[in-house]
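Here the structure is laid out as structure tokens; the discussion comes afterwards.
Quantities reported herein were computed from a predicted structural model and do not represent experimental measurements.
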Amino acid sequence: GLVALLIEAGIARGGATWRAFVRVAPMPLTLLATGFFLILSAAIHPTTNDYYLHAFDSTLRAPVATWLFEFTSSQPWFEMTLTVTYIGLPIAFVALAALERRAASRPGSTASPLDTDIWGLFAVIGLLGFVFYLLFPACGPVYVFGDDFPAPSYPLDPSAIQPILVIPLPRNCVPSVHFSCALLLWLRARRLGRWPSHLSLAFLTLTGLATLGLGEHYLIDLVLALPV
């Protein structure tokens with residue numbers, strides 16, 4: 001978020017620098033606020049619902065999350081690609097914001113300030129995500145099961161699956177805000193032409209693969225991220 005703020009301000013000129021800071025400020029502020037509230041979420045919910053989520057994924061005819069995690073773990077180049085994609089979300093927002101401003105500045109453009117206020121939308125998604133984190137706390141398979149994932153040694157009998165006490169870790173699994181943000185990028189980039197649309201779709205696809213391949217989320221988290 002701070003990197004995005006500095007980049008946005010750096011490409012501004014003259015009096016536009018302050019406006020650039022104001023425009024991008026929702027991202028770092030949201031990240032800082034979310035970091036505080038995620039720490040708080042662990043105190044509010046000492047137990048998580050990871051057992052339920054993993055049990056659901058395990059009952060699917062095609063355990064996509066398990067397959068993808070095992071493949072990613074066996075392919076260092078693919079794991080690195082997904083890692084770079086996963087942590088590169090703020091840079092993707094900067095790139096789209098720059099393209100949107102460029103499109104809005106063209107002669108004859110009818111874009112309103114709201115049309116290019118992607119940073120405010122980022123803040124809204126982040127805050128909505130935190131609300132869901134409190135409603136259904138979970139940490140993510142790689143954090144809860146560790147080396148036992150993707151085959152933790154516990155029965156999948158529904159009667160034996162209970163909330164689990166987890167050491168203080170952020171409860172930021174359900175839904176996948178990363179996937180929600182990548183979906184937002186793609187939906188907005190489609191208006192900017194073929195290449196922005198194709199590149200943002202590739203970023204959305206890699207983000208979805210990263211959430212599962214790196215063990216950060218369960219498959220159901222991506223489904224729940226769609227309405228967010």
Side-chain angles (χ1 to χ4, degrees), residues 1 31-32 34-90 126 129-182 203-226 228:
L31 293 177
L32 289 173
T34 301
F36 169 77
F37 286 118
L38 287 180
I39 296 175
L40 183 62
S41 69
I44 296 176
H45 294 289
T47 60
T48 73
N49 298 298
D50 286 86
Y51 273 7
Y52 295 105
L53 295 168
H54 184 65
F56 175 81
D57 276 6
S58 300
T59 60
L60 299 177
R61 286 182 175 271
V64 177
T66 297
W67 293 345
L68 188 55
F69 180 82
E70 291 176 337
F71 174 78
T72 302
S73 300
S74 66
Q75 304 293 328
W77 66 270
F78 189 60
E79 183 176 16
M80 178 58 67
T81 300
L82 296 186
T83 300
V84 171
T85 301
Y86 198 75
I87 65 178
L89 182 63
F130 176 70
V131 172
F132 283 101
Y133 296 159
L134 291 180
L135 293 176
F136 199 88
C139 296
V142 75
Y143 301 106
V144 172
F145 304 114
D147 294 337
D148 288 337
F149 184 72
S153 55
Y154 70 90
L156 288 179
D157 180 0
S159 63
I161 298 175
Q162 302 293 334
I164 177 177
L165 180 64
V166 179
I167 60 174
L169 287 172
R171 275 62 170 147
N172 60 342
C173 186
V174 183
S176 172
V177 169
H178 264 81
F179 191 69
S180 293
C181 288
F203 183 80
L204 171 63
T205 302
L206 286 174
T207 299
L209 293 175
T211 60
L212 302 179
L214 299 177
E216 297 283 341
H217 289 276
Y218 307 92
L219 181 60
I220 189 63
D221 300 342
L222 274 64
V223 177
L224 296 176
L226 296 177
V228 175

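With sequence neighbours left out, the side-chain contact (heavy atoms from CB on, under 4.5 Å) criterion links Ala138 to Asp50, Leu53, Cys173, Val174. With sequence neighbours left out, the side-chain contact (heavy atoms from CB on, under 4.5 Å) criterion links Ala62 to Val64, Trp67. With sequence neighbours excluded, the residues forming a side-chain contact (heavy atoms from CB on, under 4.5 Å) with Thr72 are Leu68, Phe78, Glu79, Leu82, Leu214, listed by chain and number. Annotation: side-chain hydrogen bond (donor to acceptor under 3.5 Å, both in side chains) contacts of Gln75 (sequence neighbours excluded): Trp77. By the side-chain hydrogen bond (donor to acceptor under 3.5 Å, both in side chains) test, Asn172 pairs with no residue at all, sequence neighbours left out. In terms of the ring-ring contact (aromatic ring centres under 6.0 Å, His included) criterion, Tyr143 has no residue partners (sequence neighbours excluded). By the side-chain contact (heavy atoms from CB on, under 4.5 Å) test, Leu134 is found to be paired with Ser41, Ile44, His45, Phe130, residues two or more places apart in sequence or in another chain being considered. For Phe69, the ring-ring contact (aromatic ring centres under 6.0 Å, His included) criterion is met by Phe149, not counting sequence neighbours.
Among all heavy-atom pairs drawn from Pro170 and Cys139, the shortest one is O-SG, 3.6 Å. Counting all heavy atoms, side chain and backbone alike, Ser74 lies closest to Pro76 at O-CD, 3.6 Å. When all heavy atoms of Tyr133 and Pro175 are compared, the closest pair comes out as CE2-O, 3.5 Å. Scanning all heavy atoms of the two residues, the minimum distance from Leu222 to Gly208 falls at CD2-O, 3.8 Å.
Remark: Thr85 OG1 to Leu89 CG distance equals 10.5 Å, nearest 0.5 Å. Between Leu219 atom CG and Ser176 atom OG the span is 11.0 Å, to the nearest 0.5 Å. In this structure, CZ on Arg171 lies 6.0 Å from OG1 on Thr48, to the nearest 0.5 angstrom. We find the CD1-CZ distance between Ile220 and Phe136 to be 9.0 Å, quoted to the nearest 0.5 Å. For the atom pair Leu212 CG and Thr207 OG1, the distance stands at 11.0 Å (nearest 0.5 Å). For the atom pair Leu60 CG and Tyr218 OH, the distance stands at 13.5 Å (nearest 0.5 Å).
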Please lay out, stage by stage, how Tyr51 and Phe145 fare under the test ring pair (Phe, Tyr, Trp, His ring centres under 6.0 Å).
CA-CA 9 Å; Tyr51 273 7; Phe145 304 114; 5.7 Å; yes
Could you walk me through whether Tyr86 and Leu206 pass the side chain to side chain contact (heavy atoms under 4.5 Å, CB included) check?
CA-CA 8 Å; Tyr86 198 75; Leu206 286 174; over 6 Å; no
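In terms of modelled atom types and a separation under 3.5 Å, the side chain of Ser73 and the main chain of Glu70 share no donor-acceptor contact.
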